[in-house]
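Let me begin by presenting the structure, written as structure tokens, before commenting on it.
Chain A is the first sequence line, chain B the second, and so forth, proteins listed ahead of strands; every chain is numbered from 1.
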There are 2 protein chains.
Amino acid sequence: MTRSILEAVVVASHEVSMLTGDRIAAVLAEQGLTPATAQALWLIDPDEAPPSMKTMAHRLFCNAPNLSFITNQLVEREFVERSVDPADRRSRVLTLTESGRRARATVIAATLALTPFARLSPEDLRELMKLLRKTLEPADQETGGPAAATGEIQG
Amino acid sequence: MTRSILEAVVVASHEVSMLTGDRIAAVLAEQGLTPATAQALWLIDPDEAPPSMKTMAHRLFCNAPNLSFITNQLVEREFVERSVDPADRRSRVLTLTESGRRARATVIAATLALTPFARLSPEDLRELMKLLRKTLEPADQETGGPAAATGEIQG
DNA sequence: GGAAATTACTTCGAGACTCGAATCAACGTA
DNA sequence: TACGTTGATTCGAGTCTCGAAGTAATTTCC
């Protein structure tokens, strides 16, 4: 039985992810970040409203206790601050500190420099993004999944 | 600063990976597999020569102790068998058992059924595969990385 | 207004995952 | 035969993830 195109796509896409993680490992270590904390940091956009723990758990596909654990590390490293949401005092919102913003920018810059996708031409990237958008859009509607990865973009 | 297309691609691709892992979690649990053991199982192709520990560590982007740990679980669950490579008695090769082959087939089938990529048309999948091949091919040459994910394919 | 259910989060305990250091057996070479 | 190298394992430590249980704040419903 030979391999379908779908299987080849899944395997290749996974390979890109693993390769990327492998390549940025040294940069994360320099910043005092682990893969999990780096990912959490990435998903806090300093230009948007501070996300709640619930929102972050959703974005990270992890459960609440796990996010508490990750957040503790980020707070300890002084990359984020927990504060009570005045609108709902059960909820805690996460805001980046100044060094958190710097670390986040470093992680993103390193990733974009080292990702295998960086080899693609702008035209190929646009085509790839079109396909990824098509891949994710129906899924989000269907599952009510995390915030779409396909937000505002500037070529 | 708005987000580049490259960043959007990286984020979307990562989102697909996480979404896939999330969706197949129940199937893995049913099979008595964890994400790590399932990934290892996937990367042992029963139609090819049994890979050595070194080869598997390379494919999984992990180090030797970690692979020993994962392999122990797979051997314990009787999905794979360790045997000494007669050609080099330092080396151990991994072969799938019958139930290992079944579990592997189940994991792959579930993944292909649940991956967001499954929504793409055959034409889109071919186009996507072309871009992923382009993404990975030069990287493999440059790093001497793991076995390419772009092997024989049948539409 | 107040009891009951719900929601957001945390703590705790257990197990999975990953790594570096140290060790061992087998191979290659001189 | 002695020496350096290689493939794998064991060990200890730290990270990651989850379910169960608990706390505080909110909402619902009478």
Just the rounded figure in Å: distance from [atom2] of [N] to [atom1] of [X].
X       : N      : atom1 : atom2 : result
A/Arg92 : C/dT7  : CZ    : C1'   : 12 Å
A/Lys54 : C/dT6  : NZ    : C1'   : 11 Å
A/His58 : C/dC9  : NE2   : P     : 13 Å
B/Phe69 : C/dG20 : CZ    : P     : 17 Å
B/Leu60 : C/dT18 : CG    : C1'   : 12 Å
A/Met53 : C/dT10 : CE    : C1'   : 8 Å
A/Asn63 : C/dT11 : CG    : C1'   : 13 Å
A/Met56 : C/dT10 : CE    : P     : 13 Å

Interatomic distance, [X] atom [atom1] to [Y] atom [atom2] [nearest 0.5 angstrom]:
X        : Y        : atom1 : atom2 : value
A/Gln39  : A/Ile70  : CD    : CD1   : 9.5 Å
B/Thr55  : B/Leu60  : OG1   : CG    : 11.0 Å
B/Phe117 : B/Met129 : CZ    : CE    : 10.5 Å
A/Asp124 : B/Ile5   : CG    : CD1   : 11.0 Å

- Note on the structure: So the contacted stretch of DNA chain D, first to last nucleotide with an atom under 4.0 Å from a non-hydrogen atom of chain A, runs from D/dT15 to D/dT26
- Of all pairs that satisfy salt bridge (charged side-chain N to carboxylate O under 4.0 Å, His left out), the ones with a partner from residues 69-80 of chain B, not counting sequence neighbours: none
- Query: B/Thr34 and B/Thr37: side-chain donor and acceptor closer than 3.5 Å?
  - Reply: yes
- Query: Just wondering, do A/Leu120 and B/Val9 contact through their side chains at under 4.5 Å, heavy atoms?
  - Reply: no
- Message: Would you say that A/Leu33 contacts A/Val107 through its side chain, given a criterion of any heavy-atom pair below 4.5 Å between the two side chains?
- Response: yes
- Task: Indicate whether OP1 or OP2 belonging to C/dC17 is found under 4.0 Å from a side-chain N or O atom of B/Gln73.
- Result: yes
- Do the side-chain N or O atoms of B/Asn66 get closer than 4.0 angstrom to the phosphate oxygens (OP1, OP2) of C/dC17? no
- Query: Tell me, for nucleotides 21-30 of chain C in 5' to 3' order, what letter each nucleotide earns: B for a base near a protein heavy atom under 4.0 Å, S for only sugar-phosphate near one, - for neither?
  - Reply: B----BS---
- Item | A/Arg92 side chain to A/Arg90 backbone, donor-acceptor under 3.5 Å | yes
- Just checking B/Ala36: base, sugar-phosphate only, or nothing, at a heavy-atom cut-off of under 4.0 Å? sugar-phosphate
